Amino acid sequence: MTSTKRILIADDDECLVDALARRCEALDLHVERAHDGMSALVKIDALEPDLVILDVNMPSGSGLSVCEMLAPDPNLKAIPIVILTGRTDGETIAACNRLDAYYVLKGPNIWSQLEPLVVDLLGTEPSGAAGPEQPYPADTCRADHSHRSPASENGGEDAEPETATDRIRNRYIADLFAALGWREPKRAGAPRNDRPECAVTRPWVLCVDDDPDFAATLKLRLQQHGVDVLHAFAGMEGYRFAFTHEAQAIILDQEMPDGNGEYILRRLKESPATEGIPVIVLTGTKDQALARRMHNLGAARFLTKPVDWEELWAELQPLVQREDEPTSLYQAALN
């Protein structure tokens, strides 16, 4: 009997790691997780996994730095490495080639790139190999967002019932892959389980700011203009919302827990799924060097708190106003 292959996935986006881990577990792989470069290096050294998937931009050391540190050890150097990144610059690709790492671009076809690579490197069966009557691997999210395990398929008495938490987590993971453009295959003649797309009746923005007073004021102001607001109180929470909710614009604070504005902006602009969303950055300090960095990263505008409402609305209005609505409707709502 062959032993279960072990894979390490290292990325500072915990939800993306969870999503990838569930797909890999569906391939009968044992998955280890890490969320920064140093933790990844420690786990590689201690566990010697059969395959490692590394993000480039992580705290405490990038994925490429981890590859460099593994190179002197002949045992660890033999472990295949997949670099998962949103960067497309020649320097990153050249570094992957130099380090004998596989380069996979984060984007709409992320899993369709990863799965055949994982299957080939580890000699596992692809998730679609279960046959025409059972195309969904065990312990995965299906197209109808339900969760099933081998025991539940066989009617076993030991099958654990799916909890509300399981359903919420599975739906979030399915939505995350949907935002990345991945879809589960459907059986021929099977009933469609797709959720209907909701018609967007009002424009809306994503506000990523840990100040509840500012968030409440912004929501009140924008609702007067017919614009809704989705609020996230921490950096990575806002980053995940940007993937699963397509906003017309993002208002991003600089100083926040769990990822500052500069870091979140970099991650947003690295991903093809979010790079086109305009981002207005807010900060409580006048820092010209920070403003230049934000501009170079792709910020649409850099504003200093306390924010002048008229200035902020002047920046937001062309981003959220729909072409079929006359400007006068918005002007009538101005205080």
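Side chains included, hydrogens not; waters and symmetry mates left out as well; all remaining heavy atoms used. Note that the coordinates shown come from a computational prediction; the quantities given were computed from them, not determined experimentally.
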Are more than 12 heavy atoms from other residues, nucleotides or ligands located less than 6.0 Å from atom OH of Y102? no
Evaluate whether atom NZ of K219 has more than 12 neighbouring non-hydrogen atoms of other residues, nucleotides or ligands under 6.0 angstrom away.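 Check fails, neighbour count at 12 or below.
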Within a strict 4.5 Å, meaning less than it, do heavy atoms of the [X] and [Y] side chains meet?
X    : Y    : answer
E32  : R6   : yes
F214 : D253 : no
W204 : V320 : no
L312 : L303 : yes
L218 : I251 : yes
T274 : I250 : no
E237 : D258 : no
R33  : I9   : no

Nearest 0.5 Å, please: how far is [atom2] in [Y] from [atom1] in [X]?
X    : Y    : atom1 : atom2 : result
C24  : L8   : SG    : CG    : 10.5 Å
D18  : R23  : CG    : CZ    : 10.5 Å
I264 : L297 : CD1   : CG    : 12.0 Å
L121 : L51  : CG    : CG    : 5.5 Å
L20  : C15  : CG    : SG    : 11.0 Å
L268 : L252 : CG    : CG    : 7.0 Å

For the hydrophobic clusters of this structure (ILVMFWY residues joined by side-chain heavy atoms under 4.5 Å, transitively), does one cluster hold both [X] and [Y]?
X    : Y    : answer
F241 : L265 : yes
I110 : V119 : yes
I53  : L64  : no
Y239 : M58  : no
W309 : I280 : yes

Using the rule given for side chain to side chain contact (heavy atoms under 4.5 Å, CB included), can you reason through K106 versus L16, listing the C-alpha separation, both sets of side-chain angles and the distance that settles it, and then say yes or no? CA-CA 11 Å; K106 287 183 178 179; L16 179 59; 4.0 Å; yes
Which atom pairs, donor and acceptor, lie under 3.5 Å between side-chain atoms of residues 72-86 and protein residues at least two apart or in another chain?
from: D73; atom 1: OD1; to: N75; atom 2: N; distance (Å): 2.9
from: D73; atom 1: OD1; to: L76; atom 2: N; distance (Å): 3.2
from: T85; atom 1: OG1; to: R87; atom 2: N; distance (Å): 3.0

Using 4.0 Å as the upper bound for N to carboxylate O, is an ion pair formed by E310 and R221? no
Note: D209-K305 ion pair, threshold 4.0 Å (strictly below):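 Between K305 and D209 there is a salt bridge, with a charged N closer than 4.0 Å to a carboxylate O.
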Looking at residues at least two apart in the chain, or sitting in another chain, which of them share a ring pair (Phe, Tyr, Trp, His ring centres under 6.0 Å) with F302?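 Partners of F302 by the ring pair (Phe, Tyr, Trp, His ring centres under 6.0 Å) criterion come out as none, since no residue qualifies.
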Checking the side chain of [X] only, and the main-chain atoms of [Y] only, is there a donor and an acceptor separated by less than 3.5 Å?
X    : Y    : result
K5   : D50  : no
D308 : E311 : yes
K43  : E48  : no

Assess whether side chain to side chain contact (heavy atoms under 4.5 Å, CB included) is satisfied between L222 and L316, documenting all intermediate values. CA-CA 10 Å; L222 290 184; L316 273 177; 4.0 Å; yes
Would you mind telling me which of E262, R301, M294 makes a side-chain contact (heavy atoms from CB on, under 4.5 Å) with V281?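 By the side-chain contact (heavy atoms from CB on, under 4.5 Å) criterion, V281 pairs with just one of E262, R301, M294: M294.
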Name the orientation class of the two ring planes belonging to F233 and H231 (parallel below 30°, tilted from 30 to 60°, perpendicular beyond 60°).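 Plane angle over 60°, so perpendicular.
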Would D13 and V17 satisfy side chain to side chain contact (heavy atoms under 4.5 Å, CB included), going step by step from the backbone distance to the final call? CA-CA 6 Å; D13 184 347; V17 171; 5.8 Å; no
Check against salt bridge (Lys or Arg N to Asp or Glu O under 4.0 Å), R267 and D11: CA-CA 12 Å; R267 295 300 300 266; D11 195 300; 3.5 Å; yes
Nearest heavy-atom pair of [X] and [Y]: which atoms, and what distance?
X    : Y    : value
C207 : V229 : CB-CG1, 3.9 Å
H35  : P59  : O-CD, 3.9 Å
D36  : M38  : OD1-N, 3.1 Å
L54  : A40  : CD2-CB, 4.1 Å
A234 : V208 : O-CG1, 3.6 Å
A300 : P278 : CB-CB, 4.4 Å

Could you check E68 against R98 for salt bridge (Lys or Arg N to Asp or Glu O under 4.0 Å), going step by step and ending with a plain yes or no? CA-CA 10 Å; E68 295 275 8; R98 176 172 53 84; 2.9 Å; yes
Applying side chain to side chain donor-acceptor pair (under 3.5 Å) to R292 and not counting sequence neighbours gives none
